[in-house]
Asks: 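Pasting a structure below so you can have a look.
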Amino acid sequence: MWQLFKEFLTFLRQEKKWWLVPLVVILLLLAAIIVFAGGSALAPLMYPFM
């Protein structure tokens, strides 16, 4: 897992693609919300977005 993270940071540094960082962070946050709220009371509110 850490190797993938290091490789991603190396890619960003070499290719100067720093605009990808906010995109990846937002996608990870969205994935975490879906995973953790999937079995909770928030689940019915997420159905229109899936």
Side-chain angles (χ1 to χ4, degrees):
M1 182 66 177
W2 288 110
Q3 182 64 28
L4 179 64
F5 182 70
K6 287 180 186 178
E7 191 172 327
F8 181 66
L9 286 179
T10 305
F11 167 75
L12 292 178
R13 193 176 311 131
Q14 288 177 353
E15 301 295 325
K16 296 180 177 39
K17 303 271 187 196
W18 292 109
W19 57 270
L20 283 173
V21 174
L23 180 67
V24 170
V25 170
I26 289 172
L27 287 174
L28 288 174
L29 287 173
L30 183 61
I33 289 172
I34 290 172
V35 167
F36 291 123
S40 72
L42 294 176
L45 300 175
M46 294 181 353
Y47 289 145
F49 301 109
M50 296 176 104

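None of the values given here were measured: they were computed from a predicted structure. For the single chain, residues carry numbers from 1 onward in sequence order.
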Asks: Among Leu29, Leu28, Leu23, whose side-chain contact (heavy atoms from CB on, under 4.5 Å) with Val25 holds?
Replies: Leu29
Asks: Over all heavy atoms of both residues, which pair between Arg13 and Trp18 is shortest? Give the atoms and the distance, please.
Replies: CA-CZ2, 3.9 Å
Asks: Check side chain to side chain contact (heavy atoms under 4.5 Å, CB included) between Leu9 and all other residues, then give those that pass, not counting sequence neighbours.
Replies: Phe5, Leu12
